[in-house]
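What follows is a single structure, written as structure tokens, with notes after it.
Numbering of ligands and ligand atoms starts at 1, following listing order. None of these values were measured; they are calculated from a predicted model.
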Amino acid sequence: MTESTTHHGTGPDHGTGAVVVVAAALLDGGRLLAARRSAPADLAGRWELPGGKVEPGERPEDALVRELREELGVEAVPGERIPGEWPLKPGYVLRVWTARLRSGEPRPLEDHDELRWLARHELDTVDWLDQDRPAVAEAALRLPAA
Ligand code: 9L3
Ligand code: MG
């Protein structure tokens, strides 16, 4: 069995004991989607890769698709896992996948108050959550340079 079939959501992660939060580097037309959080207060106004907590019994890629449906109103297709795992608040870790749009245009339906599609040279124009910065830097390598 692989890790993705043995790991069940918000139970302890097999390797680290941490709850997994999944997020998407949503790529379209040479741009990356940035989402500005509206809650909680200490994160509001900061920009992130959209996503959320994996639920019990849920596969991470399924959680990613569900979160993008709930938060943005789109159908998305997960791509590759961006290597690495980044600590969030105590007991939570962030894992990131690239993703592409299957249908719909993202709207800030839940937890965000603004969305922006950023080209590679625009990625530093928003105030990313510190936790997301390494994954954003990796995602930038998947965007065209010009
Ligand atoms: N978080 C950090 N970066 C992200 C995401 C999607 C989430 N790209 C953090 C914020 C919260 C926790 O993970 O502390 C759970 O996220 P959510 O379920 O509130 O989106
Ligand atoms: Mg979320």
Side-chain angles (χ1 to χ4, degrees), residues 3-4 6-143:
E3 187 185 353
S4 66
T6 55
H7 169 54
H8 294 297
T10 52
D13 177 68
H14 183 68
T16 64
V19 170
V20 175
V21 174
V22 295
L26 190 60
L27 303 171
D28 192 60
R31 294 174 188 241
L32 170 72
L33 189 74
R36 190 171 68 185
R37 288 192 71 106
S38 53
D42 59 321
L43 302 182
R46 307 288 298 279
W47 294 75
E48 70 171 10
L49 302 172
K53 291 183 279 292
V54 178
E55 291 178 350
E58 190 177 39
R59 288 191 246 189
E61 288 93 336
D62 293 338
L64 192 76
V65 170
R66 175 183 53 73
E67 288 286 344
L68 297 182
R69 186 181 296 136
E70 292 172 357
E71 295 189 345
L72 306 176
V74 298
E75 295 302 317
V77 183
E80 53 165 330
R81 166 98 181 265
I82 291 183
E85 178 177 272
W86 299 280
L88 300 169
K89 58 193 173 185
Y92 291 78
V93 296
L94 178 67
R95 295 181 185 173
V96 177
W97 277 256
T98 65
R100 302 215 170 256
L101 283 175
R102 185 201 296 280
S103 64
E105 185 63 27
R107 291 164 290 147
L109 299 179
E110 195 180 278
D111 299 339
H112 303 111
D113 59 9
E114 192 178 342
L115 303 177
R116 279 188 207 165
W117 287 106
L118 300 176
R120 187 165 170 172
H121 71 278
E122 298 170 320
L123 289 176
D124 63 359
T125 63
V126 301
D127 186 19
W128 293 101
L129 289 175
D130 297 330
Q131 307 140 357
D132 285 45
R133 288 173 190 265
V136 171
E138 275 295 318
L141 304 175
R142 278 80 170 168
L143 291 172

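- At a threshold of 2.8 Å, the Mg ion (ligand 2) has a backbone or side-chain N, O or S atom of E71 nearer than that distance.
- For ligand 1 and G51, the ligand atoms under 4.0 Å from any heavy atom of the residue are 6 (C), 20 (O).
- The heavy-atom pair separating K53 from E58 by the smallest distance is O-OE1, 4.4 Å.
- The shortest separation from a heavy atom of L43 to ligand 1 is under 4.0 Å, placing the residue in contact.
- Of all atoms in ligand 1, numbered sequentially from 1 with element shown, those under 4.0 Å from a heavy atom of G52 are 6 (C), 18 (O), 20 (O).
- For the residue pair A34 and V126, the shortest heavy atom distance occurs at CB-CG2, 4.5 Å.
- A donor-acceptor contact shorter than 3.5 Å links the side chain of R37 to the backbone of A39.
- D130 has a carboxylate O that lies under 4.0 Å from a charged side-chain N of R46, or vice versa, which qualifies the two as a salt bridge.
- Salt bridge R116/E122: absent, no basic N to carboxylate O contact under 4.0 Å.
- For E67, no heavy-atom contact with ligand 1 is shorter than 4.0 Å.
- We find that E80 and R142 are joined by a salt bridge, their nearest charged nitrogen and carboxylate oxygen being less than 4.0 Å apart.
- When the options E71, R95, R37 are ranked by their closest heavy atom to atom 16 (O) of ligand 1, first place goes to R37.
- For ligand 1, one of its N or O atoms has an N or O atom of L49 under 3.5 Å away.
- Here the side chain of D132 pairs a donor or acceptor atom with the backbone of L49 at under 3.5 angstrom.
- Contact check for R36 versus H112: no side-chain heavy atoms found under the 4.5 Å cut-off.
- Each of the atoms 14 (O) of ligand 1 lies under 4.0 Å from some heavy atom of K89.
- In terms of protein heavy atoms, atom 13 (O) of ligand 1 is closest to L88 CD1, 3.4 Å.
- At least one N, O or S atom of G51 sits under 2.8 Å from the Mg ion (ligand 2).
- Between P50 and ligand 1, a contact under 3.5 Å exists for no N or O pair.
- In this structure, T98 contributes its side chain and A25 its backbone to no donor-acceptor pair below 3.5 Å.
- If you number the atoms of ligand 1 from 1 as listed, the ones under 4.0 Å from a heavy atom of A23 come out as 8 (N).
- With hydrogens left out, the protein atom closest to atom 3 (N) of ligand 1 is D132 OD1, 2.7 Å, a heavy atom.
- In the vicinity of Q131, heavy-atom distances shorter than 4.0 Å reach the ligand 1 atoms 2 (C).
- The shortest contact between atom 5 (C) of ligand 1 and any protein heavy atom is with E48 OE1, 3.2 Å.
- No side-chain heavy atom of V93 sits less than 4.5 Å from a side-chain heavy atom of V19.
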